[in-house]
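Heavy atoms only: backbone and side chains are in, while hydrogens, waters and symmetry mates are out. Below, chain A is the first sequence line, B the second, and so on; all start at residue 1. Here the structure is a predicted model, which means the values were calculated and not measured.
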Number of protein chains: 2
Amino acid sequence: MPPLERNKRDVAQRILDHATKLFARHGFVGASLRDIAKAVGIRKPSLLYHFPSKDDLRRGVLEQMLAHWNHAVPRILRAATAGPEQFDAIATEALTFFREDPDRARLLLRELLDRPEEVAPLVAMRVQPWSKIVCDYIRKGQEQGRVRADVDPEAYVAQVINLVLCGFATHISISRVLAQAPEEHDPSERLLREMLRVAKSSLFETGPAPAPARARPAIAGGA
Amino acid sequence: MPPLERNKRDVAQRILDHATKLFARHGFVGASLRDIAKAVGIRKPSLLYHFPSKDDLRRGVLEQMLAHWNHAVPRILRAATAGPEQFDAIATEALTFFREDPDRARLLLRELLDRPEEVAPLVAMRVQPWSKIVCDYIRKGQEQGRVRADVDPEAYVAQVINLVLCGFATHISISRVLAQAPEEHDPSERLLREMLRVAKSSLFETGPAPAPARARPAIAGGA
DNA sequence: CCTACCGATCGGTAGG
DNA sequence: CCTACCGATCGGTAGG
């Protein structure tokens with residue numbers, strides 16, 4: 001690639017990054033092209049050379065985030081072979097995506113609020129493949145009796161998405177609601193642990209709770 | 001109250017209602033005073049007579065919503081004496097608040113995203129009293145062995161708030177993600193049921209499963 | 001990548 | 001409650 005082309009791509013990348021942050025923080029209408037350009041260190045018309053309109057920039061930001069998600073999915077699914085331990089692995093992996101940058105959750109939530117008709121199918125398309133896999137595992141787990149019979153797989157996945165998305169997007173605010181005791185240092189740790197616990201215990205037949213030692217002979221479980 | 005005063009209040013009320021809807025749909029910056037005034041059927045300067053600035057209008061909208069919430073709380077807490085059946089009652093009651101008008105969830109979520117520092121303490125103040133009560137019931141339930149020992153009461157309440165708030169705010173979008181089978185009529189029913197199930201089964205020691213009848217003598221509990 | 005400029009729309013005011 | 005008007009800022013263009 002010629003150095004000029006490379007340079008152009010770098011600038012576009014920096015624009016996308018700063019736009020992501022400002023859209024997430026102030027919303028699409030709340031973040032002006034001037035502000036974004038200033039954050040990048042260029043003038044507004046220069047920004048409009050890379051992205052012909054504000055809406056083009058918005059789509060670019062959304063696409064980049066979904067592309068990042070696509071990149072994280074294989075790593076997530078590699079850990080998905082069901083069972084309580086694997087659940088922790090897949091969950092931790094999925095949480096990492098938003099933990100890396102909470103602006104992702106905020107941006108996605110804003111887009112879902114601002115343009116449901118446009119964004120929902122876009123998200124659905126990206127979610128469907130791994131949602132399908134997770135649902136299949138849930139159903140298999142139900143047949144084996146590991147997973148609660150009353151779980152509605154698709155609806156369960158939707159709830160977990162809600163939990164994670166909203167949890168990260170508002171975790172600052174919700175932390176404060178929680179932090180009535182000001183001596184607490186990082187309430188988000190507590191919130192994250194409980195988020196995981198809720199998702200997990202509502203899925204599996206029996207939680208990891210210390211079973212009341214009913215003196216049951218150990219069973220050599222099949223794979 | 002003189003008829004002129006009464007008329008003024010009615011107009012202010014209609015302004016608040018339309019502002020709530022438009023703020024919820026397009027966000028605070030995305031909804032202009034002109035649009036709101038037009039929806040009410042008056043001109044912009046007339047609107048500014050009732051609410052001196054756009055920010056005054058925003059605070060008015062937020063206050064009205066929190067006031068509505070305060071009005072609903074006693075009804076909710078009346079159903080709160082813990083136990084699996086009461087859980088359904090209190091949950092249904094709480095859901096009614098957002099079901100009456102999903103714009104409430106959208107508005108609150110937007111405010112939490114736009115102005116976390118300002119809104120979080122405001123919400124915390126309104127949530128604290130009943131959150132405290134619910135947490136006490138959870139702890140009592142834990143002592144009695146009805147509620148899972150590994151539940152973190154405050155964090156659990158935060159997760160349920162997330163679940164409900166985000167669930168209603170984005171239920172249109174999330175429904176579409178779910179509705180891969182187009183023959184489904186109302187996916188929101190499925191989502192709501194699963195939302196309730198997740199909240200419930202992650203709280204109680206054993207789900208609504210037939211308890212193994214341990215023939216425990218009834219205890220006349222003191223206050 | 002810039003300066004200079006465009007019409008449109010924003011929240012808000014004057015004055016009645 | 002209105003008409004008329006304000007400066008500021010918006011997204012976007014011309015032209016280099």
Side-chain angles (χ1 to χ4, degrees), chain A residues 1-64 107 110-111 114-115 118, chain B residues 1-64 107 110-111 114-115 118:
Chain A
M1 202 187 301
L4 194 140
E5 278 294 316
R6 200 167 113 35
N7 199 14
K8 241 172 91 172
R9 248 200 29 181
D10 285 353
V11 175
Q13 186 57 57
R14 282 167 53 215
I15 293 173
L16 281 176
D17 290 342
H18 282 102
T20 300
K21 189 164 84 179
L22 290 171
F23 284 160
R25 292 237 213 291
H26 311 294
F28 178 68
V29 280
S32 72
L33 292 180
R34 278 170 181 83
D35 293 341
I36 297 167
K38 192 192 287 181
V40 177
I42 57 177
R43 307 290 169 189
K44 188 187 46 153
S46 314
L47 191 157
L48 285 165
Y49 165 72
H50 293 277
F51 297 90
S53 78
K54 195 184 187 185
D55 210 66
D56 285 313
L57 178 57
R58 179 183 64 79
R59 278 191 295 268
V61 164
L62 195 58
E63 272 171 31
Q64 181 185 242
L107 186 90
R110 279 192 188 277
E111 285 293 299
D114 287 347
R115 273 164 290 276
E118 180 194 332
Chain B
M1 202 187 302
L4 193 140
E5 279 294 317
R6 198 166 115 34
N7 199 15
K8 241 172 88 171
R9 249 199 28 180
D10 286 353
V11 175
Q13 187 57 57
R14 282 167 54 216
I15 292 173
L16 282 175
D17 290 341
H18 282 102
T20 300
K21 189 164 84 180
L22 290 171
F23 284 160
R25 292 236 213 292
H26 310 293
F28 178 67
V29 279
S32 72
L33 292 179
R34 279 169 181 85
D35 292 342
I36 297 167
K38 191 192 286 180
V40 178
I42 59 178
R43 307 292 169 188
K44 189 187 45 155
S46 313
L47 191 157
L48 285 165
Y49 165 73
H50 293 276
F51 298 89
S53 78
K54 195 184 186 183
D55 210 66
D56 284 313
L57 178 55
R58 179 183 65 79
R59 278 192 296 268
V61 164
L62 196 57
E63 272 171 31
Q64 182 185 241
L107 186 90
R110 279 191 188 278
E111 285 293 301
D114 287 346
R115 274 165 289 276
E118 180 194 332

To the nearest 0.5 angstrom, please state how far the CD1 atom of Ile42(B) sits from the CG atom of Leu47(B).
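It is 5.0 Å, given to the nearest 0.5 Å.
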Between Arg25(B) and Gly30(B) (side chain of the first, backbone of the second, donor and acceptor by atom type, cut-off under 3.5 Å), is there such a pair?
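Between the backbone of Gly30(B) and the side chain of Arg25(B) there is no qualifying donor-acceptor contact (under 3.5 Å).
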Pairing nucleotide - dG12(D), Watson-Crick or G-U, each distance under 3.5 Å:
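Pairing partner: dC5(C).
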In whole Å, what is the span from the [atom1] atom of [X] to the [atom2] atom of [N]?
X	N	atom1	atom2	result
Phe28(A)	dG11(D)	CZ	P	8 Å
Tyr49(A)	dG15(D)	OH	C1'	15 Å
Leu48(A)	dG15(D)	CG	P	17 Å
His50(B)	dG12(C)	NE2	C1'	16 Å
Leu57(B)	dC10(C)	CG	P	15 Å
Arg34(B)	dC10(D)	CZ	P	16 Å
Leu47(B)	dT3(D)	CG	C1'	16 Å
Arg58(B)	dG12(C)	CZ	P	12 Å

Salt-bridge criterion met for Arg14(B) and Asp17(B) (N-O under 4.0 Å):
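Looking at Arg14(B) and Asp17(B), the cut-off is not met.
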Assign each of Lys44(A) and Ile15(A) to its nearest nucleotide of DNA chain C by heavy atoms, then name whichever residue's nucleotide is nearer the 5' end.
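Its nearest nucleotide being more 5', the pick is Ile15(A).
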Assign each of Ser32(A) and Pro52(A) to its nearest nucleotide of DNA chain D by heavy atoms, then name whichever residue's nucleotide is nearer the 5' end.
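Looking at DNA chain D, the more 5' nearest nucleotide goes with Ser32(A).
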When we call it a touch if two heavy atoms are under 4.0 Å apart, what does Ala37(B) touch: a base, just sugar-phosphate, or nothing?
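Nothing, no nucleic acid heavy atom in range.
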Side chain of Ser46(B) - closest among dC1(D), dG12(C), dC1(C):
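The nucleotide sitting nearest to the side chain is dC1(D).
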Out of dA14(D), dC1(D), dA14(C), which has the shortest distance to the side chain of Ile42(B)?
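Nearest to the side chain of Ile42(B) among the choices is dC1(D).
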Using every non-hydrogen atom in the two residues, find where Phe28(A) and Arg58(A) come nearest and quote the distance to one decimal.
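Scanning both residues completely, I find the closest heavy atoms to be CE1-CB, 3.4 Å.
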Is the base of dG12(D) touched by the side chain of Lys54(A) through a donor-acceptor pair closer than 3.5 angstrom?
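Side chain to base: no pair present.
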Verify the contact: side-chain N or O of Arg43(B) to OP1 or OP2 of dT3(D), cut-off strictly under 4.0 Å; return yes or no.
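True: Arg43(B) side-chain N/O within range (under 4.0 Å) of dT3(D) OP1/OP2.
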Tell me whether Arg115(A) at atom CZ has more than 12 heavy atoms from other residues, nucleotides or ligands lying less than 6.0 Å away.
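Yes - once you tally the heavy atoms of other residues, nucleotides and ligands closer than 6.0 Å, there are more than 12.
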